Amino acid sequence: MAKEKNIKNEQMEKIVAFCKRKGFVFPACEIYGGFANAYSYGPYGVELKNNIKQLWWKKFVDGREDMVGLDGPILLNSKLWEASGHLGGFNDAMIDCKECKMRYRADNLISEVLGKDLEGKLDEMTKTIQTEIKCPNCGKQNWTEARFFNMMFKTEMNSVEGPVYLRPETAGAIFVDFKNVIDSCRVKVPFGIGQIGKAFRNEIVARNFIFRVREFEQMEIEYFISPEAEWEAMFNNWLEAQEEFAKSLGAKAEDLKRYEHPKEKLSHYSRKTVDIEYNFPFGFAELFGLAHRGDFDLSQHQKFSGSDLTYFDSTTNKRYLPHVLEPTFGVDRAVLVALSAAYTEEDLGEGDIRVVMKFPPKLAPTKVAIFPLLKNKPELVAKAREIFADLKSEFKCEFDDNGNVGKRYRRQDEVGTPFCVTVDFDTLEKGEVTVRDRDTMKQDKVKVEDLKDWLKNKIS
Ligand code: GAP
């Protein structure tokens, strides 16, 4: 697996600065000096993120007969996390520099500095760091012991005894509602439950912009299959569907690769786990994942809750605990793919650099911008407003009458708007508008009455 590196490179820095400047992603709480590497999605970022989530829901929930959706709570009964193993084992190893107080994730530090993989071996990690590694921040070699640290955020709740945890993944909420779904809906194994929502992990080091944060969103599926199913073919179909989804974000085939976890590193219950890695500006790192989890989750929840979670299969007349394939997707990483794949600088000559976000039209935060050619011609402004009012019932639109049309095109290119519609005197005389394409910069004349269908066709 490509170990995540924290390489400051020009491309990443450009994207981070661009995201702030153009209202995609802001550092959170900046007026208070920032907060723990957290980020807010700005006006364009939230549209992009929502479009990604909608695309996912359409493809994996609405678009399939064997899938249903769910929206479970973030705060759940703590027994769930006992059963899932998160309370006992959801740990990362951390180590502190005693001189400058900088904190590191021990396994990442070792793999970055020495290229070794000692994940999980606490004693060895301590010895290796204490004897072979100087603090990358202050250059001294005076370390604490490496120690495990549970990554769940703890809180408390009125009327509930003991601590309550912010969910570290969305999956748990699906398993605890498995019985409700089979009892209330006409689902038959094989079928899946999909969910989109926030998850929280007290990461030792949040880094690489929105790639690794402490509060993030996941889009997860638990796909329930018979223990006797030919699971390999299903597993491959899911992998292909995940890669297809990554491509629909703008990822090129050569920027995607699969990493299969070696058998000796798999959890005891998993038959196979594959990460889908993307070539982010800081190198290849995990984007999505797929795991065969056997019946571990349902059998643990059955044991800890005392509820019968078996399923009666009416085609085979057998009762069993289904096995699970779990395709999991990080929303924020998907956004980072869309941003890094789309960011383009085009040299138009004579020092003129056009920055253009080449988002697939379906993902673009704004689909259409409408301009009156001249701001001081009320008849053009009124016609442009009429067209804007009509189009905005169908697409996310922007109205812009500020500056010359060339500048307005550039503003829209920067936020990735695929089409700009200019209302000029031909519109008043012949009922035609000029539609300019973001990528080719070519202009087409389109009849006003055909405009909505023309755009719909291009955007879908
Ligand atoms: N239920 C399985 C699960 O949670 P995971 O590999 O730990 O598996 C799934 O997480 C996905 O969630 C990852 O592939 C990644 O896209 C995203 N993810 C995990 N930790 C993250 C973090 N700290 N910041 C942003 N995204 C994260």
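All ligand and atom numbering here is 1-based and tracks the order in the structure. Below, all heavy atoms of this structure are taken into account, side chains as well, without hydrogens, waters or symmetry copies. No experiment lies behind these values; they were computed from the predicted model shown.
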Sub-6.0 Å ring centroid separation between His268 and Phe296: yes

Between [Y] and [X], is there a cation-pi geometry (under 6.0 Å to ring centre, at most 45° from the normal)?
X      : Y      : answer
Lys367 : Phe419 : no
Arg64  : Trp56  : no
Arg333 : Phe211 : yes

So which heavy atom on Pro322 is nearest to which on Leu298, and how close? CD-CD1, 3.7 Å

Give me the residue, atom name and distance of the protein heavy atom closest to [atom].
atom                    : value
atom 19 (C) of ligand 1 : Arg201 NH1, 3.5 Å
atom 25 (C) of ligand 1 : Phe211 O, 3.1 Å
atom 6 (O) of ligand 1  : Glu286 OE2, 3.1 Å
atom 12 (O) of ligand 1 : Gln218 NE2, 3.2 Å
atom 9 (C) of ligand 1  : Thr328 OG1, 3.1 Å
atom 15 (C) of ligand 1 : Arg333 NH1, 3.5 Å

Side-chain heavy-atom pair Ser340, Ile15 within 4.5 angstrom cut-off: yes

Asp313 versus Tyr320: any side-chain heavy-atom pair under 4.5 Å? yes

Would Thr126 and Glu145 count as a side-chain hydrogen bond (donor to acceptor under 3.5 Å, both in side chains) here? Give the steps. CA-CA 6 Å; Thr126 301; Glu145 303 275 304; 4.5 Å; no

Using distance alone, decide if ligand 1 has a nitrogen or oxygen within less than 3.5 Å of any nitrogen or oxygen in [X].
X      : answer
Gly330 : yes
Phe216 : no
Val213 : yes
Glu326 : yes

Give the atoms of ligand 1, by number and element, whose distance to some non-hydrogen atom of [X] is under 4.0 Å.
X      : answer
Glu220 : 1 (N), 2 (C), 3 (C), 4 (O)
Leu287 : 14 (O), 15 (C), 16 (O)
Glu203 : 22 (C), 23 (N)

Using the rule ring-ring contact (aromatic ring centres under 6.0 Å, His included), only one of Tyr343, Tyr41, Phe18 pairs with Phe24; which is it? Phe18

